[in-house]
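Just so it is clear, the structure is predicted and the values come from calculations on it, not from any experiment. A note on names: the letters A, B, ... follow the listed sequences, proteins ahead of strands, and every chain is numbered from 1.
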There are 2 protein chains.
Amino acid sequence: MADKRVTIADVAKATGVSPGAVSRILNNDPTLNVRDETKETVRRAIVELGYVPNPQARGLRLARSGSLAMIVPEINSPAFVAIIQGAQRAAFELGYSMLIGGIGEEGEDPNLAARILSSNRVDGFLISTGKQEARQLAAVQRLGAPAVLVNRYLNEQFPHVILDDEAGVMLAIRHLAELGHERIGFLGSTRRFLGTRRLAGFKRGLTQCGLRLDKRFIVNCGYDREGGEAGAHAVLALADRPTAIFATNHLVAAGALRVARQLGLSVPGALSVISFYDGPVADLLTPAVTSIAYPLDQLGYDAVRMLVRLITGETPTAAGITIRPTGLVIRQSTGPISE
Amino acid sequence: MADKRVTIADVAKATGVSPGAVSRILNNDPTLNVRDETKETVRRAIVELGYVPNPQARGLRLARSGSLAMIVPEINSPAFVAIIQGAQRAAFELGYSMLIGGIGEEGEDPNLAARILSSNRVDGFLISTGKQEARQLAAVQRLGAPAVLVNRYLNEQFPHVILDDEAGVMLAIRHLAELGHERIGFLGSTRRFLGTRRLAGFKRGLTQCGLRLDKRFIVNCGYDREGGEAGAHAVLALADRPTAIFATNHLVAAGALRVARQLGLSVPGALSVISFYDGPVADLLTPAVTSIAYPLDQLGYDAVRMLVRLITGETPTAAGITIRPTGLVIRQSTGPISE
DNA sequence: CTGAAAGCGCTTACAG
DNA sequence: CTGAAAGCGCTTACAG
């Protein structure tokens, strides 16, 4: 049953129309002039026969592979699972398959994309570089293949889908300010592009809440637990240490929580911690971490749609999409100072 | 440059051989009789011209899509990231792409596989069902399409790759016994197939270490944090409560840790906790959790290789592969009783 | 033994 | 306006 492949010829035979016409009807060819009635008949036959176009034949003819590659960094950020999920959904809906490369590859290969491209199996790329950001992006640009940056940024022209980092961080700061915090630390990057956007949100948030910016509270740290630990040590060693910390992801937050524990600072009694990104890990930390929620699956979803537009040459949307936060998920790591 | 697709005809022209012969050389056709010298020439030309076979044309001709689908449950178990990663790697090496379905789909669709299959784009399935295990497996079986169960089991005949649950759990029990624990709890499933394998390991481990089995310490619980909390409450409420707990995954372990905290039981001073699976989450829990390490990427890798064998009809390997644990990763959640 | 030719299932330029 | 025919890049049964 599954072996009886129905082809376009079967549909043609069943309806007395030429295969070419069926194809045209299928693809809504505007140059086709045929009675609506005929179109209806063909459409009905397609459903009845259970005809599904063969993507290989289509791809061969159109010189398209029908698959996309997503290059992701080592999954140090749990955010990627949600992003990949959204991307997969969009790809499936649009008839593309997706190949995920680079996950946890030891030492990211800046030529990974080139290697995949030359394998003849991919029409375009979703790119989320990891450590070697600059080199990777340069390599992608050199390829000249359709590509969309996912949660990464090169310049305004290069297609990208990113989060509204600034708006999210402002929500976080406002939450902390409402709890009475006045001295807030920032653990993240002051150099990477997305880091500076978060830092901008941090500063604007403080200003908006009438709080003073203390540069000693801003720490440029690595995006892993060790980075969080180092950063937390730095700000918590200060005599007038912050009473709250913004962490740029869950790993950094986990590091901060660990240091707080070591220093005997109860969370949130003596120190509040809030994290960028919401996700399953936030709930597993101790205490569970308040975080900024974004529809991360949407990020992947929109990126794929944008990429497919690029590939098919449809009217391009804007070169950039920004995903707004949906709010905060308030858990046990933030509260008023009580000690 | 990327547009100048090199085809088999180019190779043929460059070497003065027919395209058919090039194809035969490429695929090591044993019926082909040609001088080794010619083969060498062709092979060299392939490299020089940078010829890469077009998988679409190949697929069209062979009636194969060149892609696989992996059906995964909602990613409640962090184990899946590693499994997917290994599967992707194998798929890429073998020239297949992979499509991941079902991640976090609301209410898993038992017909998801059928839907994907009818989309004409997949040669076979990697199956890791979630909640509706029985129904999903039945649906897959009905499909009749090549499929391999990943970390799931139906019967000895149906192709599967699973972990050596028993050996792993025995390692865990021995570790606890060596720390002096005599009363050990089991939080997992006593019904699901894999659960019973772990339970068997638990029992054998106790026997091997000369420990007595106390049935009250065995709790059938859900595989999420809430399940872990419920299970931990059940065993820790006992007057002669266990001094150590085996948890069937990290979420269950997280639940157990949370209950221990609520009850004022220090870990590992008053209670040790050990978890199945090692992974990034283990290190983020408080305290970081000792766990049983398996090469999970290998699980995905082997499953893809097995599936491709099934598809191509190559000499089938055994219907089942069992992946052995690589050992324990000892962290802060296990230790001798000190309180 | 080996090379030419058919055909996989589509799409679309082109002839009628 | 519309249908027949060519061709995308492979593989392999088949004729020579």
Side-chain angles (χ1 to χ4, degrees), chain A residues 3-39 41-42 45-46 49-67 95-96 118-121 123 311-313, chain B residues 2-39 41-42 45-46 49-67 95 118-121 123 311-313:
Chain A
D3 307 60
K4 283 224 59 71
R5 290 270 62 113
V6 179
T7 74
I8 211 168
D10 299 321
V11 177
K13 210 170 299 171
T15 54
V17 176
S18 78
V22 175
S23 168
R24 286 196 167 95
I25 291 173
L26 217 50
N27 297 304
N28 294 312
D29 184 339
T31 73
L32 177 72
N33 224 342
V34 98
R35 279 184 305 171
D36 283 357
E37 202 184 304
T38 314
K39 285 188 189 173
T41 314
V42 171
I46 285 173
L49 298 174
Y51 168 69
V52 179
N54 179 323
Q56 313 234 40
R58 198 156 187 279
L60 179 57
R61 181 58 231 242
L62 300 176
R64 260 180 225 153
S65 73
S67 68
Y96 281 77
S118 73
S119 77
N120 242 342
R121 302 211 307 265
D123 296 331
I311 291 169
T312 59
Chain B
D3 307 60
K4 284 225 58 74
R5 291 271 59 115
V6 179
T7 74
I8 211 168
D10 298 323
V11 178
K13 209 171 300 169
T15 53
V17 176
S18 77
V22 174
S23 169
R24 287 195 165 97
I25 291 172
L26 217 48
N27 298 304
N28 292 313
D29 184 339
T31 74
L32 177 72
N33 224 340
V34 98
R35 279 184 305 172
D36 283 357
E37 200 185 305
T38 314
K39 286 189 189 172
T41 313
V42 170
I46 286 174
L49 298 173
Y51 168 69
V52 179
N54 179 324
Q56 314 236 40
R58 198 155 188 280
L60 179 57
R61 181 58 232 243
L62 300 177
R64 262 182 223 151
S65 72
S67 69
S118 73
S119 76
N120 243 343
R121 303 211 307 266
D123 296 330
I311 291 169
T312 58

Spacing of B:Asp29 atom CG relative to D:dT11 atom P, expressed in whole Å: 11 Å
Sugar-phosphate only, base, or nothing, as touched by A:Arg61 at under 4.0 Å among non-hydrogen atoms: base
Any side-chain heavy-atom pair of B:Val17 and B:Thr41 under 4.5 Å: no
Nearest-Å distance for atom pair CZ/C1', residues A:Arg64 and D:dG7: 17 Å
B:Asn27 side chain near D:dT11 phosphate (N/O to OP1/OP2, under 4.0 Å): yes
Euclidean distance, atom CG of residue B:Asp10 to atom P of D:dC8 [Å, nearest integer]: 11 Å
Sugar-phosphate, base or nothing in reach of B:Thr7, heavy atoms under 4.0 Å: sugar-phosphate
Rounded interatomic separation in angstrom, taking CG from B:Leu60 and C1' from C:dG9: 5 Å
Atom pair distance, as rounded to whole Å: CG in B:Asn54 and C1' in C:dG9: 14 Å
Rounded distance in Å - CD1 (A:Ile25) to P (C:dT12): 15 Å
Selection from C:dA13, C:dC10, D:dT11 that lies nearest to any side-chain heavy atom of A:Ile8: C:dC10
Distance in Å, B:Ile46 CD1 paired with B:Asp10 CG, rounded so as to fall on 0.5 Å steps: 11.5 Å
Backbone N/O of A:Asp29 and side chain of A:Asn27: donor-acceptor pair under 3.5 Å: no
Atom-to-atom span, CZ of B:Arg24 to P of D:dC14 - whole angstrom: 13 Å
D:dG9 OP1/OP2 closer than 4.0 Å to side-chain N/O of B:Arg58: no
Sugar-phosphate, base or nothing in reach of B:Pro55, heavy atoms under 4.0 Å: nothing
Same-atom distance (P) from C:dG7 to D:dG16, integer angstrom: 15 Å
Minimum-distance pair of heavy atoms, taken over all atoms of A:Tyr51 and A:Ile8: CE1-N, 3.4 Å
For D:dA4, the Watson-Crick or wobble counterpart (both distances under 3.5 Å): none
